[in-house]
Protein chains: 2
Amino acid sequence: MTRLTKTIKLRDVAERAGVSQGTASNVFNRPELVREEVRSRVHAAAQALGYAGPSPKGRLLRAGKVNAIGVAAAEPLDYFFADPWARRLLREVAAVCDARGAGLALVSVGRGGPLGWGIESALVDGFLLRCAGRELLVEIAQRRGLPFVALSLDTAEPDVPAVDIDDFGGARDAARHLVALGHRHIAIIGIGLGDGPGRASPELARSTRFVNVRERARGFWAGLAEAGIGPEDVPILVGQDDGSMIGPALAELFQTSEVRPTALLAMSDRVALAALDWLNHQGLRVPGDVSVVGFDGVPEAEAAVPSLTTVEQPYRQIAERAVAAILDDAIPAGREVLPLSLVIRNSTGPAHKAD
Amino acid sequence: MTRLTKTIKLRDVAERAGVSQGTASNVFNRPELVREEVRSRVHAAAQALGYAGPSPKGRLLRAGKVNAIGVAAAEPLDYFFADPWARRLLREVAAVCDARGAGLALVSVGRGGPLGWGIESALVDGFLLRCAGRELLVEIAQRRGLPFVALSLDTAEPDVPAVDIDDFGGARDAARHLVALGHRHIAIIGIGLGDGPGRASPELARSTRFVNVRERARGFWAGLAEAGIGPEDVPILVGQDDGSMIGPALAELFQTSEVRPTALLAMSDRVALAALDWLNHQGLRVPGDVSVVGFDGVPEAEAAVPSLTTVEQPYRQIAERAVAAILDDAIPAGREVLPLSLVIRNSTGPAHKAD
DNA sequence: ACTGGTATTTGAATCGGTTCAAGAGCGGTC
DNA sequence: GACCGCTCTTGAACCGATTCAAATACCAGT
């Protein structure tokens, strides 16, 4: 579709209408400044030439503002539609952008260079960085020189603008909920703590480089501590966030423990859901035999059977704060923390009698 | 964050390095053309000035290619993350774009004007139009003058480039499947056929302006006709695609029919899933009492309990074809039709004895 | 006829790069 | 010493608009 007819530009229209280019520009952007007669003459010329209106490309250069924000992740682009958390958050980001008439571009950091569409080259006014563990993204974004906000940043660098959540508080609330229901034998299902199924030590959870994993662990312990339950009494299962290793880990836990746990505190809804699945297959009733609390509040948690009690992120607020940061030049000075809320559904209930 | 220091541009770097702007440009884009010594001099100057590399804005104007495609819908932006079908398709589109190093921008058609980010102003190389009934989108895209492809276009205009699916064939396969299982009393759950719960006449289904609804209906009838079942023997339930009116419609059907259907042919997975839900609540077993076939093949269909037999769209192929159309200038001449495939899961089984 | 004021238009600068024909510098040949 | 073939560099045009100070047109008032 190589155009032989070279593109018609504003200049051509102006020429044909017998006006200056400046006037032609005004016809399209500030019609009230142009006399009616001239206006229609220009429109007629545009019509005759098949001019579609000022090209955004040209405008951009002059105006500077693209009126769009980019969301970047280290994962491939389809992550934004495949991952439950990302999808849930992006939905709010999209809604906020829509309400403000701004565009939304998805950016993956994989291939960069002057060739591919990356943080270096995306035509946007700023970035929302979905960082998980790699501050790499932040570094690249800084290089680009556009405003950016990190979401769920995994490092505690104070000078990086970030909108984050109170993992500690949310986790503590989750633990308190179980404690209030009478649970005393509780296990944690972790994420990002290792490769194989099995258990992790509290030290590992305390020292992982993933800040939110650390904080969630600390929160769980803090809540349990209020009932006199110490970290050493709480097994930590190693799982992948995609839920792949939860089965074996749970099997080991339920077979070898002298006292089987009556409740599970998961560090993400995905692992919680995987646990739910495993429990169902084992014929264990939820919450009859085992209660389960998730983390994140993804839509799947609500749809699960039984629906999952979980600590929900304030998606809308995160989106609003982050988008405003970019669009209103209101970059947070450092890390801003938003509260989470415990949503109680049907996967938690009173502790049954200990065996 | 108004910058007082005015932006550093390539020209500044060139000046400071004592080379021409053209050479400076080459340093960043075609380093092999520049002598090592000069190259490092320019880099040093860039470093000193805090120059982040050529701005995409400038490049764009000259180069023409944005290297990104826009996906547009008439719905608000969050539709792309909230709607199961859109999300599923976008996931593939994203994957294809990622593989080609292209960007992905989401566009809603709501607010346009020179102000908001719409089809008129999005900085992309072309559009994928998710049309549902309104050729409005097509019209706007034509005006913009960029290449575009319509997805699931609801009009049969032959000159609009479109990547579409064989609704008729898919629906026929679904009907054949039920027939082969011995079902003879079958109802159709329609979409886009009206406002209230209740039934629609075959005439209505034949004349609706939604092409794919028409085609799916025709396909169902064609498959059933092979077993001697005529359209007049098949009630058509009116439902909203969001599943909201399925319950009442089904209730009416199951209470008033002299012969209760043993199987349901749904025009979308969403209504099928809603039907599944209703049946569960009524204590009717699927597929024991009633078999259900969906349409679209969204991820939720697989996750449902029981998993839903459905006619699956070739998402990957659609995405590949459509993205290639834009990025490779391979716009289809007219409507291209891709085949669907029946995925048999656990929501369909042999017909039980008629009551 | 001249003046002041308002409504339109114009022209030129700018935005930030890319591109490419033409020129400069240089080592080697005949 | 003139000429050739190379490798780098330069300079200027161009991409498609927006913007704004200055120029012009038009009109009422005196």
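No hydrogens, no waters, no symmetry mates; every other heavy atom, side chains included, goes into these values. Below, chain A is the first sequence line, B the second, and so on; all start at residue 1.
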message = Judged by each residue's nearest nucleotide on DNA chain D, which is more toward the 5′ side, B:L33 or A:A63?
response =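 Final value for this comparison: B:L33.
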message = Pick the closest DNA chain D nucleotide for A:R30 and for A:G58 by heavy atoms, then say which residue is nearer the 5' end.
response =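 The answer here is A:G58.
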key: Pairs flagged by ring-ring contact (aromatic ring centres under 6.0 Å, His included) wherever residues 87-109 of chain A is involved - sequence neighbours left out   =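 Matches after skipping sequence neighbours: none remain.
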query = Which value, rounded to the nearest 0.5 Å, describes the distance between B:L146 atom CG and B:F127 atom CZ?
reply =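 Taking CG in B:L146 and CZ in B:F127, the distance rounds to 5.5 Å.
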ask   = How far does CZ of A:R87 sit from CG of B:L90, to the nearest 0.5 angstrom?
value =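 Between A:R87 CZ and B:L90 CG, I get 11.5 Å after rounding to 0.5 Å.
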task = With sequence neighbours excluded, tell me which residues meet ring pair (Phe, Tyr, Trp, His ring centres under 6.0 Å) with A:F81.
result =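 Ring pair (Phe, Tyr, Trp, His ring centres under 6.0 Å) list for A:F81, sorted by chain: B:F81.
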inquiry  = The criterion is ring pair (Phe, Tyr, Trp, His ring centres under 6.0 Å); which residues satisfy it with B:Y51, sequence neighbours excluded?
reply    =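 With neighbours one apart ignored, the set is B:F28.
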key: Test: A:E32 and A:R30 ion pair at under 4.0 Å   =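 Salt bridge absent between A:E32 and A:R30.
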query = On DNA chain D, which is the earliest and which the latest nucleotide, 5' to 3', with an atom closer than 4.0 Å to a heavy atom of chain A?
reply =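 Range of nucleotides touched by chain A: D:dC15 to D:dT19.
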task = Please tell me if the side chains of B:V337 and B:I165 come closer than 4.5 Å, counting only heavy atoms from C-beta onward.
result =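 B:V337 does not reach B:I165 side chain to side chain.
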inquiry  = Using a strict heavy-atom distance below 4.0 Å, which residues from residues 9-20 of chain A are in contact with DNA chain D?
reply    =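 A:K9, A:L10 - these, ordered by number, are the residues of the stretch whose heavy atoms sit under 4.0 Å from the strand.
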Contact residues, residues 34-49 of chain B to DNA chain D [heavy atom, < 4.0 Å] =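 Residues of residues 34-49 of chain B under 4.0 Å from DNA chain D: B:V34, B:R35, B:V38.
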key: B:D125: partners by salt bridge (Lys or Arg N to Asp or Glu O under 4.0 Å), with sequence neighbours left out   =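 B:D125: no salt bridge (Lys or Arg N to Asp or Glu O under 4.0 Å) contacts found.
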request  = Begin from the C-alpha positions of A:R11 and A:E15 and carry the test salt bridge (charged side-chain N to carboxylate O under 4.0 Å, His left out) through to its verdict.
outcome  = CA-CA 6 Å; A:R11 186 227 296 263; A:E15 197 170 326; 5.5 Å; no
ask   = How would you list, by chain and number, every residue that makes a side chain to side chain donor-acceptor pair (under 3.5 Å) with A:R321, sequence neighbours excluded?
value =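 Residues passing side chain to side chain donor-acceptor pair (under 3.5 Å) with A:R321: A:E336.
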ask   = Does CZ belonging to A:R316 count more than 12 external heavy atoms closer than 6.0 Å?
value =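 Yes, CZ of A:R316 has more than 12 neighbouring heavy atoms, counting only those of other groups under 6.0 Å.
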inquiry  = Using five base pairs at each end to define the local axes, how bent is the helix from C:dA1-D:dT30 to C:dC30-D:dG1, to the nearest 10°?
reply    =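 Axis-to-axis angle, ends of the helix: 70°.
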request  = Please name all residues satisfying side-chain contact (heavy atoms from CB on, under 4.5 Å) with B:A319, sequence neighbours left out, ordered by chain then number.
outcome  =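 Residues passing side-chain contact (heavy atoms from CB on, under 4.5 Å) with B:A319: B:E92, B:V93, B:V96.
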query = Is there a donor in the side chain of B:R91 and an acceptor in the side chain of B:Y315, or the other way round, less than 3.5 Å apart?
reply =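 Judged by distance alone, the side chains do not pair up.
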B:R100 and B:N67: side chain donor to acceptor below 3.5 Å =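 No donor-acceptor contact under 3.5 Å links the two side chains.
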ask   = What are the bounds, 5' to 3', of the part of DNA chain C that sits under 4.0 Å from heavy atoms of chain B?
value =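 Listing 5' to 3', DNA chain C meets chain B from C:dC15 to C:dT19.
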task = Using the salt bridge (charged side-chain N to carboxylate O under 4.0 Å, His left out) rule, collect all pairs that involve residues 137-151 of chain B, keeping only residues at least two apart or in two chains.
result =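 Residue pairs with at least one partner in residues 137-151 of chain B: there are none.
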ask   = If you find the nucleotide of DNA chain C closest to B:G22 and the one closest to B:L61, which residue's nucleotide is nearer the 5' end?
value =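 Mapping each residue to its closest nucleotide by heavy atoms, the 5'-most match is B:L61.
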task = Using a heavy-atom cut-off of under 4.0 Å over every strand shown, decide if B:S55 touches base, sugar-phosphate, or nothing.
result =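 Result for B:S55 = sugar-phosphate.
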